Amino acid sequence: MSRVNDVGGQTGFGALEIEADEPPFHADWEARVFALNSTLVRNGVYRLDEFRDAVERMAPQQYLAASYYERWLLAIETLLAERGLLGAG
Amino acid sequence: MSGEHTSAPVAARVRRLEERLIEAGVVAQEQLDASLAAMLKGASPVNGARIAARAWTDEGFRERLLTDANAALPEVGLSMAGGIQEQRLKVVENTATTHHVLVCTLCSCYPVGLLGPSPSWYKSEAYRSRVVREPRAVLAEFGLVLPDDTAITVWDSSAESRYMVLPRRPAGTAGYSEPELAALVTREGLIGTAAV
């Protein structure tokens with residue numbers, strides 16, 4: 001079964017958008033999400049494969065609508081919720 | 001970042017999540033800071049460029065690099081074990097008749113330690129979907145037009161296996177030193193979307 005992320009060979013995604021002199025992150029929150037994920041993996045909260053799986057099992061419409069680091073954030077939230085670490089509110 | 005109005009709700013969500021995890025003792029602020037600093041400091045295409053320049057000037061290193069890149073990297077003070085988990089690296093060499101280009105069709109796997117943070121286009125659905133179907137057209141969008149008889153190989157990266165392109169040494173650089181050669185190598189050259 002292929003998931004929404006398995007886009008190799010698909011058509012319809014349009015032309016490339018190539019940004020000159022692109023910074024590593026486009027907003028401070030993206031850098032924070034990056035750091036949070038690395039640290040949660042290092043601390044053994046979840047494994048890298050589980051993180052990837054959490055990105056890839058997002059609902060297709062949610063996956064395609066989210067930016068790259070929004071996907072990361074959603075995956076982190078999913079994994080934390082499944083481990084009872086998100087708490088209320 | 002102030003003034004980023006469009007990303008304000010998600011920024012606030014990230015901040016709340018961080019605060020909650022720090023409060024619960026799941027992560028420490030110092031860990032978050034150190035993780036980001038390490039990535040920004042260590043990961044750069046300067047590393048990949050040094051590898052290419054060494055391969056161009058040291059035939060023995062070139063052969064060892066192409067045979068077993070993980071074993072050869074320590075010769076230039078690098079390794080594939082700097083990230084969250086060690087990855088296998090395969091270096092693929094461009095020649096007069098063959099060209100290589102990298103992708104991760106499933107997501108964004110990329111040798112960050114050797115090339116720095118990946119560009120957004122590398123992670124885009126447009127690049128991931130198209131480069132395996134019509135590499136010649138995609139490379140042309142980068143301004144790289146290859147002769148019709150150049151064979152193109154597209155390498156699809158995975159969580160455990162990463163790739164790096166060894167570009168062709170530019171003509172007219174016979175007298176260049178290793179650092180001078182390294183300065184010619186671009187990130188796009190190491191991905192395969194540019195000649196050098």
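As the structure is a computational prediction, the values presented were derived from the model and not from experiment. Chain naming here is simple, since letters A, B, ... match the order of the sequence lines and numbering starts at 1 in each.
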Nearest-0.5 Å distance, [atom1] of residue [X] to [atom2] of residue [Y]:
{"X": "A:T39", "Y": "B:L32", "atom1": "OG1", "atom2": "CG", "result": "4.5 Å"}
{"X": "B:R20", "Y": "A:L86", "atom1": "CZ", "atom2": "CG", "result": "5.0 Å"}
{"X": "B:L21", "Y": "A:I76", "atom1": "CG", "atom2": "CD1", "result": "9.0 Å"}
{"X": "A:L36", "Y": "B:E18", "atom1": "CG", "atom2": "CD", "result": "6.0 Å"}
{"X": "A:L74", "Y": "B:R13", "atom1": "CG", "atom2": "CZ", "result": "5.5 Å"}

Does a side-chain heavy-atom distance below 4.5 Å link [X] with [Y]?
{"X": "B:L17", "Y": "A:L73", "value": "yes"}
{"X": "A:Y68", "Y": "B:S120", "value": "no"}
{"X": "B:V10", "Y": "A:V33", "value": "no"}
{"X": "B:R128", "Y": "A:Q10", "value": "no"}
{"X": "A:R42", "Y": "B:V27", "value": "no"}

B:E23 atom CD: more than 12 heavy-atom contacts under 6.0 Å: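 Counting other residues, nucleotides and ligands, CD of B:E23 stays at 12 neighbours or fewer.
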Are more than 12 heavy atoms, taken from residues, nucleotides or ligands other than B:K123, located less than 6.0 Å from that residue's NZ atom? yes
Worked check of side-chain contact (heavy atoms from CB on, under 4.5 Å) between A:F25 and B:L40: CA-CA 10 Å; A:F25 300 102; B:L40 293 176; 4.0 Å; yes
Side-chain heavy atoms under 4.5 angstrom apart, residues restricted to Ile, Leu, Val, Met, Phe, Trp, Tyr: same cluster for A:L48 and B:V112? yes
May I ask whether B:V14 and B:I22 are part of the same hydrophobic cluster, defined by side-chain heavy atoms of I, L, V, M, F, W, Y residues being less than 4.5 angstrom apart, directly or through others?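 In one cluster with B:V14: B:I22, yes.
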Should A:Y63 and B:E125 be marked as a side-chain contact (heavy atoms from CB on, under 4.5 Å) after you check the CA-CA gap, both sets of side-chain angles, and the distance that decides it? CA-CA 11 Å; A:Y63 178 91; B:E125 278 75 37; 3.7 Å; yes
Minimum-distance pair of heavy atoms, taken over all atoms of [X] and [Y]:
{"X": "A:P24", "Y": "B:P117", "result": "CB-CG, 3.7 Å"}
{"X": "A:F34", "Y": "B:M39", "result": "CZ-CG, 3.3 Å"}
{"X": "B:S129", "Y": "A:F13", "result": "OG-CD1, 3.4 Å"}
{"X": "B:E141", "Y": "A:L16", "result": "OE1-N, 3.2 Å"}

With chain A, which of [options] has the greatest number of heavy-atom pairs at distances under 4.5 Å?
{"options": "B:V26, B:D33, B:L106", "answer": "B:L106"}
{"options": "B:C104, B:C107, B:S108, B:A24", "answer": "B:S108"}
{"options": "B:A137, B:A43, B:P119, B:A28", "answer": "B:P119"}

Evaluate A:E17 against B:Y127 for side-chain contact (heavy atoms from CB on, under 4.5 Å), listing each step before the verdict. CA-CA 9 Å; A:E17 289 176 30; B:Y127 181 75; over 6 Å; no
Side chain / backbone / both / neither for A:E30 at chain B, heavy atoms under 4.5 Å: neither
Given a strict heavy-atom distance threshold of 4.5 Å, which part of A:R32 is in contact with chain B: side chain, backbone, both, or neither?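 Contact with chain B is through both the backbone and side chain of A:R32.
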So which of A:S38, A:G14, A:G9, A:P23 has the biggest tally of heavy-atom pairs under 4.5 Å with chain B?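 Going by pairs under 4.5 Å, I would pick A:G9.
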Chain A-proximal positions within residues 152-179 of chain B [heavy-atom distance under 4.5 Å]: B:A159, B:E160
